[in-house]
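What follows is a short report on a single structure.
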Amino acid sequence: MYFSIIVPVYNRPAEVDDLLKSLTAQSCKDFEVLIVEDGSTVKCRDIVEKYVSEIPVKYFYKENEGRSIARNYGIEHAVGDYFVFFDSDCVIPADYFNVLKTALEQNYVDCFGGPDAAHESFSDIQKAINFSMTAFLTTGGIRGGKVQLEKFVPRSFNMGYSRRVWQAVGGFREMFSEDIDMSMRIRKAGFSIALEREAYVYHKRRVDLKKFCRQVYVFGMSRITLYLLYPESLKLVHLAPAVFTVGMASIIVLACVMSWWWLLLPAVYAFALFATALAQTQSLKISLLAIVTSFVQLIGYGIGFIRAWFVKVLMRRGRDIEQEIRMRKGK
């Protein structure tokens with residue numbers, strides 16, 4: 001089989017059900033599926049067994065060591081020439097592998113990544129979160145949008161690379177933002193990387209604001225980890241959430257001590273978010289929610305970035321990232 005689909009799973013049987021169901025509907029079935037259960041207490045073995053007669057799917061259970069180790073475990077048991085990685089909360093459009101295989105046949109690359117989208121069945125909050133994570137006004141389009149402020153970097157919810165890459169570079173390292181680290185190592189090794197815009201997935205993401213805030217906070221912290229590993233990887237677009245966070249705090253202070261007119265600045269930005277989301281989603285409710293999720297995304301990321309910068313760069317604590325990764329791997 002050409003593709004080996006590798007999915008790490010932790011306590012998500014319902015999501016795995018939706019993922020495997022979408023894979024049975026693929027127009028191109030030149031793939032195998034490896035579900036790697038990473039020490040889950042709520043296992044999905046019964047879910048996987050429902051689909052063994054429809055698609056070539058294998059189930060593996062291992063002790064909990066982290067999603068990167070689970071992906072590497074899947075690679076070691078894969079037979080395909082090209083590894084494709086999805087998150088367990090993704091749903092795959094029916095033409096995904098047909099589109100991907102055609103793209104690789106026409107213009108082969110050693111590593112690819114694709115964007116994500118919100119399925120019509122997703123909840124309003126999931127659609128709003130998807131907007132805030134992909135919109136140019138919030139992330140600069142760095143997660144695979146049509147307009148980007150940064151060179152494209154594949155993300156592990158929808159990416160893949162060849163067996164040749166794995167043999168030369170190795171697997172994922174157990175760390176935050178392991179997919180960006182992997183992409184940097186692939187690029188530094190001289191392999192080709194491309195964005196396949198039409199090979200998109202439906203990504204459910206988080207289902208409430210608290211979990212979403214925690215997720216983007218970790219993203220902000222991990223950006224400093226990546227900076228310490230690859231100083232050249234830090235771009236102006238990555239500073240934007242921190243600048244936004246400091247700016248919002250300053251505006252609130254100025255509004256309290258000087259004039260409430262200062263609040264006009266975030267109000268204009270909120271209106272731009274609303275108008276953009278409305279044009280994209282055609283939903284008044286989702287557009288209003290998108291204002292909230294966008295502010296959560298920027299401020300959560302910004303706080304994580306600022307905290308990690310203060311601790312790891314200014315105070316020079318925890319700077320030996322390579323040692324930290326080795327320690328994680330040794331657990």
Side-chain angles (χ1 to χ4, degrees), residues 8 38 64-72 75 85 87 110-111 113 133 138-144 148-159 161 165-166 168-193 195 212-247 249 296-331:
D38 186 39
N64 180 253
E65 295 179 284
R67 59 194 177 193
S68 292
I69 306 302
R71 291 191 188 101
N72 295 340
I75 292 173
F85 305 95
D87 282 353
D110 297 293
C111 175
M133 291 296 288
T138 53
T139 64
I142 62 176
R143 299 185 72 88
Q148 296 173 213
L149 294 180
E150 182 198 21
K151 183 182 292 186
F152 175 71
V153 177
R155 310 292 174 120
S156 56
F157 63 82
N158 180 16
M159 73 175 291
Y161 54 78
V165 167
W166 176 59
V169 181
F172 292 89
R173 300 199 286 189
E174 185 55 33
M175 58 180 289
F176 293 128
S177 294
E178 73 285 354
D179 45 6
I180 302 178
D181 169 71
M182 187 75 218
S183 297
M184 294 294 296
R185 288 158 53 206
I186 291 172
R187 182 169 279 123
K188 282 178 173 290
F191 291 103
S192 54
I193 298 177
L195 165 63
F212 178 54
C213 184
R214 173 61 184 171
Q215 182 184 45
V216 294
Y217 172 81
V218 171
F219 286 168
M221 293 189 67
S222 66
R223 177 51 64 179
I224 298 303
T225 300
L226 291 166
Y227 163 72
L228 294 174
L229 285 171
Y230 312 104
E232 73 280 8
S233 69
L234 188 65
K235 309 298 182 184
L236 286 176
V237 66
H238 302 135
L239 303 177
V243 173
F244 180 86
T245 301
V246 173
V296 168
Q297 190 269 329
L298 289 167
I299 294 174
Y301 189 108
I303 292 174
F305 184 97
I306 293 169
R307 182 177 183 275
W309 180 270
F310 180 78
V311 172
K312 293 191 174 184
V313 178
L314 296 184
M315 297 185 66
R316 306 181 67 83
R317 288 166 51 189
R319 290 178 58 89
D320 193 349
I321 305 302
E322 294 283 359
Q323 181 180 3
E324 177 184 328
I325 293 170
R326 289 194 296 271
M327 289 176 63
R328 286 173 179 265
K329 187 176 180 180
K331 290 184 178 179

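Scope of the values below: all heavy atoms of this structure, side chains included, with no hydrogens, waters or symmetry mates.
Counting heavy atoms from C-beta outward, Met182 and Val169 have side chains that approach closer than 4.5 Å. Here the side chains of Ser183 and Met159 are in contact, with some heavy-atom distance below 4.5 Å. The shortest side-chain heavy-atom distance between Leu234 and Arg223 falls under the 4.5 Å cut-off. Between Leu226 and Asp181, some side-chain heavy-atom pair lies under the 4.5 Å cut-off. Two residues are said to be in side-chain contact when any heavy atoms from C-beta on lie closer than 4.5 Å; Trp166 and Asn72 fail this criterion. Between Ile186 and Asp110 there is no side-chain heavy-atom pair separated by less than 4.5 Å. By the 4.5 Å heavy-atom criterion applied to side chains, Tyr230 and Ile180 are not counted as neighbours.
Taken to the nearest 0.5 Å, the CG atom of Leu239 stands 10.5 Å off from the CD1 atom of Ile306. Atom OG1 of Thr138 and atom CD of Gln297 lie 5.0 Å apart (nearest 0.5 Å). With values rounded to the nearest 0.5 angstrom, Asp179 atom CG is found 11.0 Å from Asn158 atom CG. Expressed to the nearest 0.5 Å, how far SG of Cys111 lies from CZ of Arg187 amounts to 8.0 Å. The structure places CD1 of Ile69 at 11.5 Å from CZ of Arg173, a figure rounded to the nearest 0.5 Å.
The two residues Asp87 and Ser156 come nearest to each other via the heavy atoms OD1-O, 3.8 Å. Closest of all the heavy-atom pairs between Ser222 and Ser177 is OG-OG, 2.6 Å. Taking each heavy atom of Ile303 and Thr245 in turn, the nearest pair found is CG1-CG2, 4.0 Å. Of all heavy-atom pairs spanning Glu178 and Met175, the tightest one is OE1-O, 3.0 Å.
Under the 30°/60° scheme for interplanar angles, the aromatic rings of Phe172 and Tyr161 are found to be tilted.
Partner Pro241 forms a side-chain contact (heavy atoms from CB on, under 4.5 Å) with one of Tyr301, Phe219, Phe305 and no other, that one being Tyr301.
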Inset, instruction - Take Met221 and Phe176 through the test side chain to side chain contact (heavy atoms under 4.5 Å, CB included) and record every step on the way to the result. - result: CA-CA 9 Å; Met221 293 189 67; Phe176 293 128; over 6 Å; no
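Residue Arg185 qualifies as enclosed at atom CZ: its count of foreign heavy atoms under 6.0 Å is above 12.
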